[in-house]
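Step one of this worksheet: look at the structure below.
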Amino acid sequence: MSASAVRPATVAPVGRRLSWAIVLPLAWVALVAFLAVTADWLPLPDPAAQELILRRKPPSTTYLLGTDNLGRDMLSRIIYGGRTSLIVGICAPFFGFLIGGAIGMSAGYFRGKVDLLAVGFIDILLAFPTLVLALTFVAYLGQSLFNVTLALGILSIPAAARVSRANTMAWANRDFVLAARTIGASNWRILTREILPNVLPAMFAFWLVAVSVIIVAEGALSFLGLGIPAPQPSWGGMIADGREALDVAPHTALIPAAVMFLTVLSLNFLGDMVRNLVDPRRSSL
Amino acid sequence: MSGAVSGAVSGGPLLSVRDARVGFGTVRGLLRAVDGVSFDLEAGRTLGIVGESGSGKSVLVRSLIGLVGSGSGAIVGGEVRLDGQDVRGLSAKNFRQLLGRDIGIVFQDPMTSLNPVMKIGRQIGEGLRLNRGLNATAAARRAVELLVEVGIPEPERRASQYPHELSGGMRQRVAIAIAIACEPKLLIADEPTTALDVTVQRQILDLLQREQRQRGMAMILITHDLGVAAGRADDIMVMYAGRAVEMAATREIFRGPRMPYTEALLRSLPRLSDPTHTRLSAIPGRPPDLARRGTGCSFAPRCTYRSERCEAEEPVLSREGGRGFACFHPLNASAGTSA
Amino acid sequence: MHWLARQVLRLAVVLFCVTLLTFLIVNILPGDVATAILGGLATPEDLAGLRADLGLDRPMLVRYFDWLGSALSGDLGRSHRSGEPVAQAIADRLPVSLQLMIMAQVIAIGIAVPAALLSVRRPGGLFDRLSASTAFGFLATPSFMLGILLIYLFSVTLDLLPATGFSPMSEGLWANLESMILPALSLGLIEWTVLMRVLRSDLLTTLKEDFILLARAKGLPPWRVLLQHALRPSSFTLITVIGLNIGGLIGGAVIVEQIFALPGVGRLLLGGIFNRDLILVQGTVSFIAAGFVLVNFLVDMLYAVLDPRVRHVRFRS
């Protein structure tokens with residue numbers, strides 16, 4: 001009974017909502033990504049070029065999104081900032097998932113002492129409030145695109161390890177794995193050929209969610225002045241800059257805020273959808 | 001006018017149900033869980049409702065007391081009168097009052113029917129405070145008395161414990177204490193022994209019967225086991241696929257069932273008179289899909305007496321000398337009229 | 001008791017590892033502290049002298065155990081910027097951070113519980129769908145963004161509340177609350193969404209239980225069934241999530257204290273990081289992590305108190 005009740009409930013809405021709840025977020029993310037990739041070839045002013053006479057101009061035909069405190073073109077900064085957000089947002093979880101996934105899969109497959117060690121390690125990393133750990137890492141590694149990505153990547157290790165461990169444990173005792181073992185396949189082979197392909201979908205769904213979490217975290221770091229160093233634009237940094245002129249030129253803070261909100265919202269929408277497809281049991285939450 | 005239950009001295013029956021219907025909208029269409037059931041129950045009598053799981057017996061009774069309703073997506077129809085009062089016409093508030101004061105209910109599994117995070121004494125006293133206006137102290141005192149009455153040793157200590165600290169049988173005794181706390185006129189026991197160890201089943205049934213007699217309550221005993229109903233119920237209603245298929249005094253049913261389904265149920269009971277190693281006969285086939293009901297008798301596909309008429313036409317519950325059955329080929333034609 | 005002893009032991013091990021890890025990050029990672037303090041123009045002799053002063057010339061593990069020993073007796077060292085004892089600096093600022101987080105948590109629970117209760121009255125109904133989409137929206141709003149929006153709305157546009165700055169209790173309760181309400185909202189308005197989702201889902205499960213039917217059969221009105229019978233058995237995941245989310249709340253507090261210029265522990269930490277104040281950062285991060293671990297430990301205990309069935313089981317995914 002539950003099987004027949006669950007399936008239409010999870011599949012049907014996807015088909016029905018395809019009209020807007022999927023297309024709009026997908027279109028927005030695609031637009032941000034497209035602009036970020038092609039920014040160098042677009043007819044945009046230099047995002048770092050200051051024009052102090054033209055500072056804090058509201059949106060107009062020459063400056064589509066206006067100018068910031070230093071007279072820099074907002075549109076150009078938003079697009080180049082999107083590039084930063086996407087690079088960090090995509091690479092950091094990837095790094096975390098590479099290491100966390102390896103730890104989690106080994107723990108879930110070998111169990112025993114390996115598992116104990118891995119869980120202990122995860123517990124310790126989780127004992128730090130995420131942002132505090134990121135701040136400390138970046139502060140001592142030095143501020144650069146690579147270091148920010150590395151720090152946020154390290155922070156996504158525990159979550160990735162948990163997801164892959166749980167999924168590996170669920171698959172490790174299936175018949176086809178036992179069959180592979182009885183014909184003498186090595187642990188490495190079983191892990192990469194038999195288990196990995198089955199763990200990947202869940203990891204992918206989780207990665208999508210992680211992208212939006214990391215984009216927010218990068219924004220927070222930049223907002224605090226501990227993210228990507230100054231002349232390079234970043235959404236979080238733009239919001240922080242705009243805060244100083246909130247009373248005279250609110251658009252300098254509100255526009256990057258709106259762009260970031262839409263991006264995170266879109267990614268959450270897509271992440272939810274993919275997670276429902278991969279794991280129907282979670283769809284209720 | 002279903003005469004299954006007789007013996008009323010004055011006034012109408014305590015509970016009167018006419019054409020009760022419960023349907024659930026599903027993706028596959030309307031599922032008729034209960035399809036036009038009528039019966040009367042006099043004060044002080046016990047009615048056993050017997051049927052397989054999915055026969056609609058629990059849904060029927062829960063719908064009567066409003067526990068299956070629009071909130072759960074069900075469509076409920078028919079007329080229900082308690083003491084002559086039209087229950088379905090009451091306001092939500094008045095209905096709750098009636099439910100709390102006049103009807104007590106014991107569910108199948110005391111593990112799930114007691115609130116796991118509320119002390120037992122409070123669970124018993126809750127209804128008393130709400131429906132009988134007792135204050136906290138009086139309700140607590142009465143709760144302990146009720147625990148004594150249902151045979152729980154060390155009642156003061158038990159009252160301040162949580163359900164998980166009690167055994168299954170004890171928990172069901174607590175559930176009975178909750179049900180009888182407000183002196184209801186009608187006690188509903190929904191498979192009260194199914195989830196219990198065999199050794200305590202009898203004790204719980206004895207307790208229910210004792211309370212029912214002492215307090216003069218009417219009782220509806222829902223069970224899938226004719227054996228449970230045998231010694232306890234005055235009358236029995238057999239349900240199949242959402243319909244009442246046979247109604248009669250208990251001894252009539254056991255003396256000579258009219259409906260083949262009842263006979264099949266009886267034959268699946270072990271008897272002391274059977275020689276050892278006698279195989280119990282199971283009923284072949286499965287209950288029908290209630291959302292895809294065809295024409296004809298619902299039991300026909302599993303019935304050994306079926307004819308072409310059974311598959312083409314739906315038998316209605318017909319009366320014959322104080323008992324009712326829905327069958328074109330009734331059994332024990334001579335035995336039926338002797339009552 | 002045996003269970004409690006094991007939990008306490010685990011707590012001690014985690015605390016030890018957390019402080020050690022903090023020490024390693026602050027000390028191993030590149031960037032010379034002495035240079036950072038004295039600037040690039042310092043002579044090698046000056047640098048060596050400062051390193052000796054700070055004890056940086058001794059092996060790292062020796063320094064760690066030195067630090068740990070003093071930390072256990074409540075001495076976290078002195079900031080080498082201001083000379084202020086780190087423990088004192090934290091103690092001075094802790095009340096502000098605690099007030100902020102408690103107010104945020106009260107706001108979050110105050111919105112989440114009624115919203116979840118109203119949602120489950122009619123699952124899929126108007127209120128349910130409205131609160132679900134509102135929650136989804138807030139979930140996509142980082143606290144620093146929400147803080148800015150609240151300042152823009154309540155301070156710049158409506159001119160109702162101060163944009164930044166902190167008024168201590170000594171200036172009056174209202175002045176204090178006025179300076180704290182926007183910061184607390186910046187955190188609470190995000191936190192409630194997670195709590196509401198968890199509670200709603202658990203309530204829906206609980207409402208299918210037989211004991212809810214029994215409560216209704218006793219004649220209890222719907223709201224009493226919800227509050228007295230359904231809410232408590234549905235709140236265990238909520239408690240766990242509140243505990244787990246305190247980590248996020250602490251991170252959020254760091255940002256919010258910065259936005260609203262509140263003199264809390266988070267701002268102390270940020271100041272330490274910007275000034276490369278090694279001892280201060282070491283002390284604050286260890287303190288925050290230890291506090292977080294301890295709070296989670298207490299949440300576990302609370303869980304056991306709230307659910308009489310739990311005696312020795314602690315679920316970990």
Side-chain angles (χ1 to χ4, degrees), chain B residues 58 61-62 65-73 92-120 122-132 160-165 171 174-175 178-179 181-182 184 187-188 190 195, chain C residues 3 113 117-129 199-200 202-240 301-313 315:
Chain B
S58 275
V61 174
R62 287 178 190 202
I65 55 176
L67 294 186
V68 172
S70 52
S72 48
K93 191 172 172 236
N94 289 338
F95 179 71
R96 283 199 301 270
Q97 234 165 39
L98 174 110
L99 197 57
R101 286 174 180 224
D102 295 341
I103 301 175
I105 183 160
V106 178
F107 287 107
Q108 181 181 118
D109 186 355
M111 187 78 197
T112 59
S113 67
L114 296 179
N115 190 329
V117 296
M118 196 185 273
K119 285 179 180 165
I120 283 159
R122 202 176 142 210
Q123 295 195 51
I124 300 173
E126 198 177 29
L128 287 166
R129 295 175 65 181
L130 185 77
N131 301 306
R132 296 284 174 223
S160 61
Q161 284 184 323
Y162 291 97
H164 73 274
E165 297 172 80
R171 280 196 285 254
V174 171
I178 293 174
C182 296
L187 180 65
I188 295 170
D190 186 355
Chain C
W3 171 74
V113 173
L117 287 171
L118 286 171
S119 287
V120 299
R121 284 293 302 275
R122 273 188 148 273
L126 184 68
F127 186 88
D128 192 21
R129 278 179 298 162
L199 181 60
R200 176 188 175 276
D202 280 10
L203 272 173
L204 284 178
T205 314
T206 305
L207 286 177
K208 293 194 184 100
E209 299 274 354
D210 278 351
F211 68 81
I212 296 297
L213 277 184
L214 187 63
R216 285 170 59 197
K218 284 177 189 169
L220 292 175
W223 61 269
R224 277 187 67 178
V225 174
L226 266 179
L227 289 179
Q228 293 178 354
H229 285 267
L231 186 56
R232 196 167 143 197
S234 309
S235 55
F236 303 129
T237 323
L238 182 76
I239 304 284
T240 313
M301 299 292 122
L302 184 68
Y303 196 92
V305 171
L306 271 180
D307 188 347
R309 291 165 298 182
V310 171
R311 284 291 174 272
H312 47 273
V313 194
F315 294 101

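Protein chains get the first letters and strands the later ones, always in sequence-line order, with residue 1 at the start of each. Side-chain atoms are counted along with the backbone in the values below, which use heavy atoms only and exclude waters and symmetry mates.
- The contact list for residues 122-130 of chain B toward chain C, using heavy atoms and a distance under 4.5 Å, reads B:Arg122, B:Gln123, B:Glu126, B:Gly127, B:Leu130 by residue number.
- For the residue pair B:Val106 and B:Ala175, the shortest heavy atom distance occurs at CG2-O, 4.2 Å.
- Both the backbone and the side chain of B:Asn115 have a heavy atom closer than 4.5 Å to some heavy atom of chain C.
- Nearest heavy-atom pair, B:Phe107 versus B:Leu67, reported as atom, atom and distance to 0.1 Å: CZ-CD1, 4.0 Å.
- In this structure, C:Pro123 and C:Val120 approach most closely via the heavy-atom pair CD-O, 3.5 Å.
- Contact annotation for B:Ile188: neither backbone nor side-chain heavy atoms come within less than 4.5 Å of a heavy atom of chain C.
- A donor-acceptor distance shorter than 3.5 angstrom exists from the side chain of B:Asn131 to the backbone of C:Lys218, with no hydrogens or angles considered.
- Two residues are said to be in side-chain contact when any heavy atoms from C-beta on lie closer than 4.5 Å; B:Pro116 and B:Tyr162 fail this criterion.
- Within the 4.5 Å cutoff, no side-chain heavy atoms of C:Leu220 are placed close to those of B:Arg96.
- C:Ser234 and C:Leu203 make their closest contact through OG-CD2, 3.5 Å (heavy atoms, listed as atom of the first residue, atom of the second, distance).
- The two residues B:Arg171 and B:Pro110 come nearest to each other via the heavy atoms CB-CB, 3.5 Å.
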- Message: Would B:Ile178 and B:Leu114 count as a side-chain contact (heavy atoms from CB on, under 4.5 Å) here? Give the steps.
- Response: CA-CA 10 Å; B:Ile178 293 174; B:Leu114 296 179; 3.6 Å; yes

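- Proximity to chain B (any heavy atom under 4.5 Å) is shown, for C:Arg122, by neither the backbone nor the side chain.
- Contact residues of residues 204-215 of chain C toward chain B are C:Glu209, C:Asp210, C:Phe211, C:Leu213, C:Leu214 (heavy-atom distance under 4.5 Å).
- B:Arg62 touches chain C through its side chain: at least one heavy atom from C-beta onward sits under 4.5 Å away, while N, CA, C and O do not.
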- Message: Could you walk me through whether B:Val61 and B:Asp190 satisfy the side-chain contact (heavy atoms from CB on, under 4.5 Å) test, starting with their C-alpha distance in whole Å, then the side-chain angles of each, then the deciding distance to 0.1 Å, before giving a yes or no?
- Response: CA-CA 8 Å; B:Val61 174; B:Asp190 186 355; over 6 Å; no

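- Checking side-chain atoms of C:Arg200 against main-chain N and O of C:Asp128 turns up no donor-acceptor pair under 3.5 Å.
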